[in-house]
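Inspection log for the structure reproduced underneath, given as structure tokens.
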Amino acid sequence: MSLLIRRARLVPIGPAAAPPQHPVDVLVEDGVVTTVAAHLDPRPGVEEHDADGRWCAPGLWDQHVHLTQWTLSSQRLDLAAARSPEQVLALAAERVASLPGVPVIGWGHRPGGWTRDVTVAELDAVTGETPVVLIAGDGHHAWLNTTALMHLAMPVRDSVVRETEWFAVYPRLVTLFGSDGTSPDAFRRTLDAAAARGVVGLVDFEFGGSRDDWTERWGHDCDLLRVRWATYADTLDDVVAAGLRTGDPLPGCDDRITMGPLKIISDGSLNTRTAWCCDPYSDAHRLEHPAGQPNLSGAELRELLARAHAGGLEVATHAIGDAAVAEALGAYADTGAIGSIEHAQLVGREDVCRMAALGVRASVQPAHLLDDRDLTELAWPGRAERCFAFRWMLDDGVELALGSDAPVSPLDPWLAIAAAVHRSADDRDPWHAEQALTPAEALAASVDGQPTVGVGSPGDLVLLDADPLAVGPDSAATGAALRSMPVALTAVAGRVVHSTL
């Protein structure tokens with residue numbers, strides 16, 4: 001695809017960047033930037049857009065998305081505002097009463113701050129025979145009623161379903177709720193919305209799917225953005241047998257959709273109290289595992305990393321607690337595998353240095369700190385200075401890659417950038433402002449490692465109506481400006497996928 005953007009101001013990416021101070025024209029041919037200069041002659045047959053002094057930057061990436069769940073989230077019962085089990089029960093009862101007999105799937109409650117555990121019996125009491133599945137906002141556990149448990153062929157119990165057992169059953173929800181909401185048209189709407197925020201690519205960590213799902217969508221008008229598809233352990237053998245290595249185009253598609261990493265969920269989450277920590281949680285007396293627990297043994301973790309590495313795959317290892325981060329880094333060191341720590345929410349200072357030494361990327365989701373600020377102080381007292389430690393990471397030379405973990409947080413890179421810079425979602429002062437990034441640093445961590453737009457850059461570009469590196473009178477003003485950043489045009493491989501021009 002060929003594209004000519006006229007009169008654009010280039011956003012400097014990286015500390016040594018020194019783009020022209022005056023507006024320039026940017027020519028993309030065959031998906032690559034071939035010329036950056038002022039006053040280029042018209043090119044016959046080349047699509048032109050006048051930036052009129054707008055800011056041009058490399059397109060944004062979301063490095064951690066569960067795209068099917070994000071696509072479905074608009075159709076689910078929204079439980080994000082619930083602050084107690086009683087409020088969740090009331091919302092579930094209201095939905096059952098308003099749509100009798102229609103199965104209910106809810107999303108977004110955060111029981112980490114609740115003072116008691118919930119039971120299946122109390123959910124049964126307000127939902128009757130209607131199947132109900134209520135997924136916590138961190139995605140790591142669900143509260144099911146008995147009808148749903150039986151339909152999904154799960155052991156009947158009086159407690160929630162957590163971690164590995166929940167991840168295994170999640171793909172079977174389609175047998176209960178059908179596939180409505182996951183059609184190519186629904187995915188296309190999701191991709192359109194992402195493009196409107198300047199997103200040119202994403203890493204899809206959806207579990208329970210296969211590469212054939214994306215191949216089918218790709219042929220049904222979902223070839224809008226770049227996608228890296230991640231495998232899990234259950235499909236690893238298929239990927240290796242097919243000879244797919246990280247970076248290879250998926251069969252039946254073009255090079256905009258490629259094989260991504262092996263995803264491993266090595267521990268749980270703060271909200272569920274299953275993130276594996278070096279020290280116990282503050283409410284350890286309520287927990288079966290006072291400091292959380294790993295989802296795999298050290299031997300199992302290393303075996304998976306070794307298999308992926310031998311097959312030419314990078315590895316993305318979910319590790320939220322500091323014990324999980326340390327164990328994951330040990331596994332990378334022992335196996336020689338390359339890739340990322342996903343989340344790295346609570347870290348030891350020495351492990352950040354080790355991450356840098358090993359060349360392991362920190363794939364982080366800054367918007368999570370907005371939700372977890374108060375819960376962290378409650379559950380991990382005295383450890384907040386080691387949470388979302390972006391400044392440590394950057395200063396030590398760790399490569400940062402920002403994402404959303406949608407639907408845990410919205411698929412919106414500007415929200416992530418603003419959270420990394422401002423570290424507050426309300427009128428309170430920034431939470432541990434010593435770990436904040438500058439707008440330039442946060443933007444650089446959001447463009448998939450691309451430098452300032454120049455000759456040889458991918459034709460993955462975004463035009464912005466405002467300067468993304470402008471700094472307001474305080475971090476709150478800067479954060480507000482970033483959250484509302486207006487996107488005028490998004491292009492992928494030289495193809496315009498969003499424009500308000």
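If you read the sequence from its start, that first residue is 1, and numbering goes on from there. Below, each value reflects all heavy atoms present in this structure, side chains not excepted, and no hydrogens, waters or symmetry copies.
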Taking it one step at a time, do Arg110 and Asp371 satisfy salt bridge (charged side-chain N to carboxylate O under 4.0 Å, His left out)?
-> CA-CA 9 Å; Arg110 294 185 175 273; Asp371 297 321; 3.5 Å; yes
Would you check, one step at a time, whether the test ring pair (Phe, Tyr, Trp, His ring centres under 6.0 Å) holds for His368 with Phe388?
-> CA-CA 9 Å; His368 288 358; Phe388 304 100; 7.2 Å; no
Kindly determine whether Arg391 and Leu437 satisfy side chain to side chain contact (heavy atoms under 4.5 Å, CB included), including the steps that lead there.
-> CA-CA 6 Å; Arg391 174 53 53 196; Leu437 301 181; 4.1 Å; yes
With rounding to the nearest 0.5 angstrom, report the [atom1] to [atom2] distance, [X] to [Y].
X	Y	atom1	atom2	answer
Asp448	Leu402	CG	CG	11.5 Å
Leu72	Ile105	CG	CD1	7.0 Å
Ser210	Asp238	OG	CG	8.0 Å
Arg197	Leu415	CZ	CG	9.0 Å
Leu464	Leu489	CG	CG	10.0 Å
Asp78	His109	CG	NE2	12.0 Å

Could you tell me whether [X] and [Y] have a side-chain N and a carboxylate O separated by less than 4.0 Å?
X	Y	answer
Arg226	Asp254	no
Arg273	Asp283	yes
Asp237	Arg307	yes
Asp374	Arg428	yes
Glu206	Lys263	no
Asp117	Arg286	yes
Asp460	Arg256	no

Heavy-atom count around Glu288 CD within 6.0 Å, excluding the residue itself: above 12?
->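 Open: at most 12 neighbouring heavy atoms sit under 6.0 Å from CD of Glu288.
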If you compare all heavy atoms of [X] against all heavy atoms of [Y], which two are closest, and at what distance to 0.1 Å?
X	Y	value
Ala333	Arg354	CB-NH2, 3.9 Å
Trp380	Cys277	NE1-SG, 3.5 Å
Gly112	Leu375	O-CD1, 3.3 Å
Gly247	Thr258	O-CG2, 3.6 Å
Met393	Ala362	SD-CB, 3.7 Å
Trp107	Val408	CZ2-N, 4.0 Å

Using only heavy-atom distances, determine whether the side chains of [X] and [Y] contain a donor-acceptor pair under 3.5 Å.
X	Y	value
Glu342	Ser363	yes
Glu377	Trp431	yes
Thr190	Thr71	yes
Asp192	His498	no
Gln345	Asp322	no
Ser475	Thr478	no

For the side chain of [X] and the backbone of [Y], is there at least one donor-acceptor N/O pair under 3.5 Å apart?
X	Y	result
Tyr332	Ser340	yes
Thr452	Ile13	yes
Glu441	Thr438	yes
Gln87	Arg83	yes

Is there side-chain contact between [X] and [Y], with at least one heavy-atom pair below 4.5 Å?
X	Y	value
Ile417	Leu443	yes
Leu461	Thr490	no
Val227	Val203	no
Leu463	Val487	no
His141	Pro111	yes
Ile341	Leu329	yes
Pro261	Val315	no
Leu313	Leu236	yes

Assess [X] against [Y]: is NZ or CZ under 6.0 Å from the centre of the six-membered ring, and within 45 degrees of the ring's axis?
X	Y	answer
Arg483	Trp414	no
Arg228	Trp61	yes
Arg217	Trp214	yes

Under the side chain to side chain contact (heavy atoms under 4.5 Å, CB included) rule, what do Phe205 and Thr231 come out as? Steps first, then yes or no, please.
-> CA-CA 8 Å; Phe205 284 118; Thr231 183; over 6 Å; no
Ring pair (Phe, Tyr, Trp, His ring centres under 6.0 Å) pairs, two or more places apart, involving residues 288-329 =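 Sorted pair list: His140-His318, His318-His343.
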What orientation do Phe207 and Tyr232 show, parallel under 30°, tilted 30 to 60°, or perpendicular over 60°?
->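 Aromatic pair Phe207/Tyr232 classed perpendicular.
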Intermediate values then yes/no, side chain to side chain contact (heavy atoms under 4.5 Å, CB included), Val133 and Tyr170 | CA-CA 10 Å; Val133 177; Tyr170 182 85; over 6 Å; no
Verdict with reasoning, Arg245 to Glu314, per salt bridge (charged side-chain N to carboxylate O under 4.0 Å, His left out) | CA-CA 8 Å; Arg245 304 167 72 88; Glu314 293 188 6; over 6 Å; no
For Phe187, enumerate each residue passing the ring pair (Phe, Tyr, Trp, His ring centres under 6.0 Å) test, keeping only those at least two apart in sequence or located in another chain.
-> none
Under the side-chain hydrogen bond (donor to acceptor under 3.5 Å, both in side chains) rule, what do Asp62 and Ser404 come out as? Steps first, then yes or no, please.
-> CA-CA 6 Å; Asp62 191 318; Ser404 66; 2.6 Å; yes
